[in-house]
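Beneath this line is the structure, given in structure tokens, with notes to follow.
These figures come from a predicted structure and were not determined experimentally.
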Amino acid sequence: MTQPIAFIDLAAQRRRISEEIDRAIAKVLDHGAYISGPDVGAFESKLAAFSGSRFAVSCGNGTDALQLVLMAKGIGQGDAVIVPDFTFTATAEAVALVGATPIFVDVQAADFNIDAGQLGDAVDLARSKGLNPRAVIAVDLFGLAADYDALNTFCKDHDLLLIADAAQSFGGSYRGRKVGTLAPVTTTSFFPAKPLGCYGDGGAILTDDAELVAVLKSLRVHGQGSDKYDNVRIGVNSRLDTLQAAVLMCKLDIFADEIAARQVVAARYADALGNRVVTPTVPSHSESVWAQYTIRLPGADRNAVAAKLKAAGVPTAVYYPKPLHRQTAYRQFPATNGLAVSDRLSHEVLSLPMHPYLDEATQDRICNAVVEAVA
Ligand SMILES: *Cc1c(COP(=O)(O)O)cnc(C)c1O
């Protein structure tokens, strides 16, 4: 009987840094500052330094990170925020939670990311509904940065805030710059399965904007002013636990090495599968962190392929089976014409096991199973 294959092998990472993690956790248990302890600020500095952004503000999770930015910018009722249709729910959920209206636009099949060419239509659509277009949230799906040159140009020309939802791409780069510096504001998530994950929920916002940082730090602690019992605005309770900050510092130490290991895994997948299925491509100016390795199976019965892989002991996942404009909760929101690519991708995509500790023998087993399943 062969070993079951992990979709994401967090246990292998844990074995690698178990001593460091145990020590870091013990230190927090000893000092006892579970909320807003010293590890939180230390981690924020380390995170900002890693990406090259001036500031990092940690918070409870990646969804809150988006919501906090929208709240800080006063985006709400009567405002429109443009989001890609093919993404995780949280991108649009944060917009709706603050009372603004998400406007869905299509993505590009080549990189799964928002099609900057459709932003003009989305702005017109917002105005035709009497909404004030305020922001664009670009998602770096599966770990690859969106087209920030085009996005920044459009947003500057139209006076829109560009927010990078980098929940899947933190650690990646675009034109020699790291994710965290590609838009005026970047949000990320430390959900355990993300490329940089903690042992629970966590998130952060990266920016060079000191004024925004001050507001975010107030909002995440109930809108505090000079202290916790001085409330100057309506905020939320969204802090990164001290324990998670301590864990994340250990993981950040090996993150660059893990990103390099992910490149090797992705290159081997492309070699083995490139002429059997549609494998993801990365422009020469970008480095993906491969949050997911997502192949496309146009014309094939995707669910049958997934079932065959399962029978062969290979776990897979479908990100995402339904574009947002087809979700019950989001159906009523405006969408630009032609979300055809999102619809098509939702039927074609299949994500394979991907993590930095995927050894060659296991990867060969996966590739052979894929080749057989699509034959
Ligand atoms: C995971 C994810 C989020 C939300 O992060 P949480 O920490 O789970 O709240 C937001 N956007 C995208 C694209 C994600 O993949």
Side-chain angles (χ1 to χ4, degrees), residues 43-73 75 81-84 87-88 90-95 98 111 113-114 116 134-156 160-191 194-198 202-217 219-220 238 240 248 252 255-256 259 285-289 291:
F43 168 64
E44 289 175 336
S45 302
K46 206 164 163 162
L47 189 74
F50 186 93
S51 74
S53 69
R54 268 184 80 197
F55 306 105
V57 178
S58 61
C59 62
N61 56 67
T63 311
D64 282 1
L66 286 166
Q67 190 186 335
L68 285 163
V69 170
L70 297 169
M71 288 173 78
K73 292 290 180 178
I75 293 172
V81 177
I82 300 164
V83 300
T87 178
F88 181 59
T91 312
E93 186 181 33
V95 175
V98 299
D111 65 359
N113 284 331
I114 192 164
R134 295 283 308 276
V136 173
I137 304 180
V139 178
D140 304 335
L141 210 70
F142 306 143
L144 177 66
D147 185 2
Y148 284 99
D149 282 351
L151 291 164
N152 275 301
T153 301
F154 184 91
C155 288
K156 267 183 204 136
L160 298 168
L161 172 68
L162 177 60
I163 302 167
D165 178 349
Q168 302 183 12
S169 66
F170 188 78
S173 63
Y174 173 89
R175 298 198 191 281
R177 285 180 295 133
K178 283 234 165 76
V179 166
T181 64
L182 306 177
V185 199
T186 301
T187 63
T188 194
S189 162
F190 306 122
F191 182 85
K194 309 283 180 176
L196 179 63
C198 59
I205 299 137
L206 298 132
T207 184
D208 287 348
D209 182 344
E211 258 175 66
L212 175 62
V213 166
V215 179
L216 291 170
K217 286 189 168 176
L219 282 172
R220 73 177 170 182
S238 184
L240 181 70
L248 282 163
L252 205 45
F255 192 40
I259 293 169
H285 58 255
S286 288
E287 185 176 66
S288 175
V289 285

What's the spacing between S45 OG and F55 CZ if we round to 0.5 Å? 10.5 Å
Note, E287 side chain near I259 side chain (heavy atom, < 4.5 Å): yes
Determine which pairs satisfy side-chain hydrogen bond (donor to acceptor under 3.5 Å, both in side chains) with at least one residue from residues 205-216, sequence neighbours left out, and list them in order. none
Quick check: closest heavy atoms across V139 and P84, and the distance to 0.1 Å? CG2-CG, 3.6 Å
Rounded to the nearest 0.5 Å, the CD1 atom of I163 sits from the CG atom of L151 at a distance of 12.5 Å
Qualifying side-chain hydrogen bond (donor to acceptor under 3.5 Å, both in side chains) pairs, either residue in residues 142-153, two or more places apart: D140-Y148, D147-Y174, D149-R175
When you compare the side chain of K73 with that of L212, does any pair of heavy atoms fall below 4.5 Å? yes
Side chains of S58 and E44: any donor to acceptor distance under 3.5 Å? yes
Nearest heavy-atom neighbours spanning L66 and T91: CD1-CA, 3.9 Å
Just wondering, do V69 and L161 contact through their side chains at under 4.5 Å, heavy atoms? yes
To the nearest 0.5 Å, what is the distance between CG on L252 and SG on C198? 12.5 Å
Minimum heavy-atom distance between S51 and K178, given as atom pair plus value: O-CB, 3.2 Å
Give the minimum heavy-atom separation between A65 and T188, together with the two atoms involved. CB-O, 4.2 Å
When the aromatic ring centroids of F43 and F190 are compared, is their separation below 6.0 Å? yes
All side-chain hydrogen bond (donor to acceptor under 3.5 Å, both in side chains) counterparts of S238, not counting sequence neighbours: D64
Rounded to the nearest 0.5 Å, what's the gap from CG on D165 to OG1 on T187? Could you check? 4.5 Å
Answer yes or no: is there a side-chain heavy-atom contact under 4.5 Å between S189 and F170? no
Taking every non-hydrogen atom, the tightest pair across F154 and L160: CE2-CD1, 3.7 Å
Mind checking what makes salt bridge (charged side-chain N to carboxylate O under 4.0 Å, His left out) contact with E93, not counting sequence neighbours? none
Measuring only between side-chain heavy atoms, which start at C-beta, is V57 closer than 4.5 Å to L68? no
Roughly how far apart are R177 CZ and H285 NE2, rounded to 0.5 Å? 10.5 Å
Run the side-chain hydrogen bond (donor to acceptor under 3.5 Å, both in side chains) test against T63 and tell me which residues pass, sequence neighbours left out. none
Over all atoms of both residues, closest heavy-atom pair of L206 and G180: CB-O, 3.9 Å
Return the CG to OG distance between L144 and S169, rounded to the nearest 0.5 Å. 8.5 Å
Those residues that, when tested against K46, pass side-chain hydrogen bond (donor to acceptor under 3.5 Å, both in side chains) (two or more places apart): D253
